[in-house]
There are 2 protein chains.
Amino acid sequence: MRNRQMSLPEAGEDKRGPEGRLGYLLRQAAAAHRLRMERALADLDITPPQFTVLTMLASYPGCSNADIARIAVLTAPTVTVIVGNLEARGAVTRRRHAEHGRILHIDVSAQGLALLERCRERVHALDEALLAGFAEEEEAAVRRWLSAAARDPAA
Amino acid sequence: MRNRQMSLPEAGEDKRGPEGRLGYLLRQAAAAHRLRMERALADLDITPPQFTVLTMLASYPGCSNADIARIAVLTAPTVTVIVGNLEARGAVTRRRHAEHGRILHIDVSAQGLALLERCRERVHALDEALLAGFAEEEEAAVRRWLSAAARDPAA
DNA sequence: AAGATAATATTAGAGGTCTAACATTATGCG
DNA sequence: CGCATAATGTTAGACCTCTAATATTATCTT
């Protein structure tokens, strides 16, 4: 049932090649990268968002749910879900702030640190692959563009 | 509770500026663009994925669930959800193939077409904004890079 | 013609993401 | 001090996305 009547386009053709709309291209590229990461991490039983949050927790130990939401540009409920899954998995633990009774500090467990190391190699390899065949000037343009697109999600 | 003990970074600083990891930048940029689209379309009661699928259905009328999954690079269950919501909303209708009893053809309703037109203006405006401040050479590099990143989600 | 293979559509289950609403705790102002 | 405001964490509900499994229908092979 490939091309029934009017020959549908293949992936990368038509509006979905380099001439397509930028927003569409951006979504496709991000979805493909997410899927590659998901599959690269699947046997370690960790998801890409969990890896991202775990990385931040390792960089800024003891920060709170709200802190993570701010630096990861996610909402508080989203972070609650991700940290909940990391906790259920044993990668992080939580403790109440000494004086501020409401705040919960999050710490990466030894098991979580070991897990993080194993993830890093694979994710970095995928990141490297994103640059294959591009000159430094092009890379600089891409970085500048992505940073600009990431700013002001509210605007 | 801004900077409690060790001064957490602001958005766009640290690993999240143009020097950050490309995969991370890509995710942030796509998430920001998705959120902008969500908010731009919210009052029309349609989501970005629904807009994407509706656009494809208008371009290739009468194609099936599986056709959409192929050209949008999504899985069949995902498309089932999105088309189901479009149908519940009255933007599309479905009919059985004349001879192939299993295939369901999807058609955009008049209401769906009118809706699509209203969406297009807003989405195109957001797409234009993605290019503000970038030269043609840079745009070409970005397009080439996004297309490369979007290829081979399985690899 | 009969059985094996492939394609289509759907359901179930898990996880991520948002908005809206709520409960709890800090902080600030009169 | 006491109340208003803000920050933190959570729950509820909706949607998108995946993998895995199932049912139905077409097609191919022998």
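Sequence lines set the chain letters: A, B, ... in the order given, protein chains first and strands last, and positions in each chain run from 1. Model, not experiment: these values are computed from the prediction.
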Does [N] have OP1 or OP2 sitting under 4.0 Å from an N or O in the side chain of [X]?
X	N	answer
A:R39	D:dT19	yes
A:R94	D:dT10	yes
A:R27	D:dC16	no
A:N85	C:dG16	yes

Task: A:E137 atom CD, neighbour heavy-atom count above 12 within 6.0 Å - done: no
- [ ] Please say whether more than 12 non-hydrogen atoms of neighbouring residues, nucleotides or ligands are located less than 6.0 Å from CZ in A:R118.
- [x] no
Open item on the list: Tell me the closest heavy-atom pair linking B:S147 and A:L25, and the distance in Å.
Closed with: OG-CD2, 3.7 Å
Open item on the list: I want to confirm an ordering. Mapping B:P48 and A:T80 to their closest nucleotides on DNA chain D, which one lands closer to the 5' end?
Closed with: A:T80
TODO: Using heavy atoms to find the nearest nucleotide of DNA chain D for B:V81 and A:P77 separately, return the residue whose nucleotide is more 5′.
DONE: A:P77
Given [options], the nucleotide with the shortest approach to the side chain of [X]:
X	options	answer
B:T47	D:dG9, D:dC15, C:dG16	D:dC15
B:L74	D:dC16, C:dT17, D:dC18	D:dC18
A:I103	D:dG9, D:dT19, C:dT8	D:dG9
B:T75	D:dT19, D:dT10, C:dG16	D:dT19
A:N65	D:dG9, C:dT10, D:dC18	D:dG9
A:A66	C:dG15, D:dC16, D:dG9	D:dG9

Open item on the list: Starting from B:L22, can I reach A:F134 by hopping between I/L/V/M/F/W/Y residues whose side chains sit under 4.5 Å apart?
Closed with: yes
TODO: Report yes or no: do B:I46 and B:V81 belong to one cluster of Ile/Leu/Val/Met/Phe/Trp/Tyr joined by side chain heavy-atom distances under 4.5 Å?
DONE: no
Task: Axial bend angle, the helix from C:dA1-D:dT30 to C:dG30-D:dC1: five-pair end segments, nearest 10° - done: 10°
Open item on the list: Taking the side chain as everything from C-beta on, heavy atoms only, tell me whether A:Q28 gets closer than 4.5 Å to B:L146.
Closed with: no
Atom-to-atom span, [atom1] of [X] to [atom2] of [N] - whole angstrom:
X	N	atom1	atom2	value
B:R96	D:dT24	CZ	P	12 Å
A:L104	C:dA26	CG	C1'	15 Å
B:L86	D:dC15	CG	P	11 Å
B:D67	C:dA9	CG	C1'	13 Å

- [ ] Pick base, sugar-phosphate or nothing for B:A76, based on heavy-atom distances below 4.0 Å to the nucleic acid.
- [x] base
Task: Residue pairs fulfilling salt bridge (Lys or Arg N to Asp or Glu O under 4.0 Å) with at least one residue in residues 71-86 of chain A, sequence neighbours excluded - done: none
- [ ] Report the distance from atom CG of A:L116 to atom OG of A:S109, rounding to the nearest 0.5 Å.
- [x] 10.5 Å
Task: Side-chain donor/acceptor contact of A:R102 with base of C:dT25 under 3.5 Å - done: no
